[in-house]
Amino acid sequence: MTTIGIIGAGHIGSQVARKAVELGYDVVISNSRGPETLAELVAELGTHARAATPAEAAAAGDFAVVTVPLRSYRDIPVEPLEGKIVIDTNNYYWERDGRIPELDKGETTTSGLLQKHLPTSKVAKGFNHIMAKEITSDGNPAGTENRRALATASDYPEAAELVAKLYDEFGFDTVNIGPLDESWRAERDRPAYVIRQNAAELKDNLAKAARII
């Protein structure tokens with residue numbers, strides 16, 4: 001049985017956990033406030049889920065989902081994620097995170113920052129341009145006409161492939177943007193952000209994106 005380590009139990013993390021346990025994954029979920037604060041969520045998720053610290057979730061997962069505010073990315077444990085694929089859901093909200101000059105100037109991406117922090121992991125962008133509630137409500141079986149599509153990006157093909165597999169299981173098609181340097185195309189305030197779109201529409205919207213906003 002595959003175990004997903006989820007670091008961050010907010011809107012996105014809890015929704016990913018709900019869908020994952022529905023699909024038969026084991027989930028170890030964590031937040032910054034301690035496992036005891038997740039008792040209600042874990043009770044809802046059932047026997048396929050348990051609460052832990054971020055380091056424990058990172059160590060337990062066959063792969064991980066990091067879904068914390070961008071300002072906290074340096075708190076993600078490094079050693080327990082060595083050699084693992086890490087799915088990054090982050091977006092840059094300067095109102096929350098404070099100004100990050102290299103993002104404002106278009107010199108890096110949010111996932112690029114996490115990859116730099118996790119040099120021995122394989123970071124892939126995922127689940128960052130969909131409303132949390134739609135993760136469990138908008139999926140459809142493969143081949144469904146006008147199936148919703150989500151984007152991913154990674155410097156590691158195997159990481160992008162894992163995200164595509166997970167998207168398909170969750171009920172979404174995938175558009176692979178390419179390396180992390182291009183992952184900004186699916187981020188906040190750009191045409192592909194938090195709208196429902198099929199694969200062709202998503203490709204068009206990614207192509208329209210401006211680097212600096």
Side-chain angles (χ1 to χ4, degrees), residues 2 4 6 8 10-25 27 62-68 70 85-93 103 106 108-115 122-213:
T2 300
I4 307 175
I6 301 180
H11 297 302
I12 296 289
S14 59
Q15 285 292 83
V16 169
R18 289 183 178 101
K19 190 63 179 181
V21 297
E22 178 187 318
L23 292 167
Y25 286 94
V27 166
D62 295 298
F63 65 91
V65 176
V66 167
T67 178
V68 301
L70 181 61
I85 293 171
V86 176
I87 301 172
D88 172 42
T89 76
N90 232 317
N91 288 289
Y92 174 38
Y93 295 97
L103 294 178
T108 188
T109 64
T110 59
S111 294
L113 290 173
L114 184 62
Q115 181 67 82
K122 300 173 182 179
V123 173
K125 197 74 171 176
F127 295 107
N128 75 294
H129 67 112
I130 180 173
M131 297 291 289
K133 63 182 181 181
E134 295 167 353
I135 291 172
T136 56
S137 67
D138 271 23
N140 284 293
T144 300
E145 185 177 0
N146 206 38
R147 192 189 197 201
R148 186 168 182 171
L150 299 175
T152 189
S154 181
D155 296 338
Y156 298 92
E158 62 270 36
E161 288 167 8
L162 176 66
V163 176
K165 175 181 179 292
L166 199 63
Y167 278 171
D168 187 52
E169 292 172 343
F170 276 44
F172 304 100
D173 286 340
T174 301
V175 174
N176 188 335
I177 304 173
L180 288 182
D181 283 350
E182 294 293 313
S183 60
W184 56 269
R185 293 183 178 276
E187 291 185 347
R188 177 193 177 186
D189 294 333
R190 293 177 175 89
Y193 191 64
V194 296
I195 65 167
R196 194 199 185 285
Q197 56 211 309
N198 62 30
E201 293 166 338
L202 176 52
K203 289 176 183 177
D204 287 344
N205 284 330
L206 292 169
K208 294 174 186 175
R211 183 69 180 93
I212 303 296
I213 294 179

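Treat the numbers as computed from the prediction; the structure is a model and nothing was measured.
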Roughly how far, to the nearest 0.5 Å, is NZ of K133 from NE2 of H11?
11.0 Å
Quick one: pull up CG in N90 and CG in L113 and give me the separation to the nearest 0.5 Å.
9.0 Å
When every non-hydrogen atom of I87 is compared with those of G126, the smallest separation belongs to CG2-CA, 3.8 Å
Closest heavy-atom contact between F63 and I85?
CB-O, 3.4 Å
Just by distance, with hydrogens left out, do T110 and E187 show a side-chain donor and acceptor under 3.5 Å apart?
yes
For N128 and T89: C-alpha separation, side-chain torsions, deciding distance, then whether side-chain hydrogen bond (donor to acceptor under 3.5 Å, both in side chains) applies.
CA-CA 4 Å; N128 75 294; T89 76; over 6 Å; no
Heavy-atom check, side chain of [X] versus side chain of [Y], under 4.5 Å:
X    : Y    : result
I12  : I135 : yes
Y193 : N91  : yes
I6   : T67  : yes
I177 : L206 : yes
F172 : N140 : no
V194 : I130 : no
Y92  : R188 : no
T174 : D168 : no

Could you list the residues that satisfy side-chain contact (heavy atoms from CB on, under 4.5 Å) with L23, not counting sequence neighbours?
K19, Y25, E169, F170
Side chain of [X], backbone of [Y]: donor and acceptor closer than 3.5 Å?
X    : Y    : value
Q15  : A132 : yes
S14  : G10  : yes
R147 : N198 : no
R190 : R185 : no
D181 : T108 : no
H129 : A186 : no

Show, in sequence, the C-alpha distance, side-chain angles and deciding distance for Q197 and N205, and conclude whether the side chain to side chain contact (heavy atoms under 4.5 Å, CB included) test is met.
CA-CA 9 Å; Q197 56 211 309; N205 284 330; 2.8 Å; yes
Identify each donor-acceptor pair in which a side-chain atom of residues 148-155 lies under 3.5 Å from a protein atom, sequence neighbours left out, and give them as a table.
{"from": "R148", "atom 1": "NH1", "to": "E134", "atom 2": "OE1", "distance (Å)": "2.8"}
{"from": "R148", "atom 1": "NH1", "to": "D138", "atom 2": "OD2", "distance (Å)": "2.7"}
{"from": "R148", "atom 1": "NH2", "to": "E134", "atom 2": "OE1", "distance (Å)": "3.4"}
{"from": "R148", "atom 1": "NH2", "to": "I195", "atom 2": "O", "distance (Å)": "3.3"}
{"from": "T152", "atom 1": "OG1", "to": "K125", "atom 2": "O", "distance (Å)": "2.6"}
{"from": "S154", "atom 1": "OG", "to": "V123", "atom 2": "O", "distance (Å)": "2.7"}
{"from": "S154", "atom 1": "OG", "to": "Y156", "atom 2": "N", "distance (Å)": "3.0"}
{"from": "S154", "atom 1": "OG", "to": "Y156", "atom 2": "O", "distance (Å)": "3.3"}
{"from": "D155", "atom 1": "OD1", "to": "L180", "atom 2": "N", "distance (Å)": "3.0"}

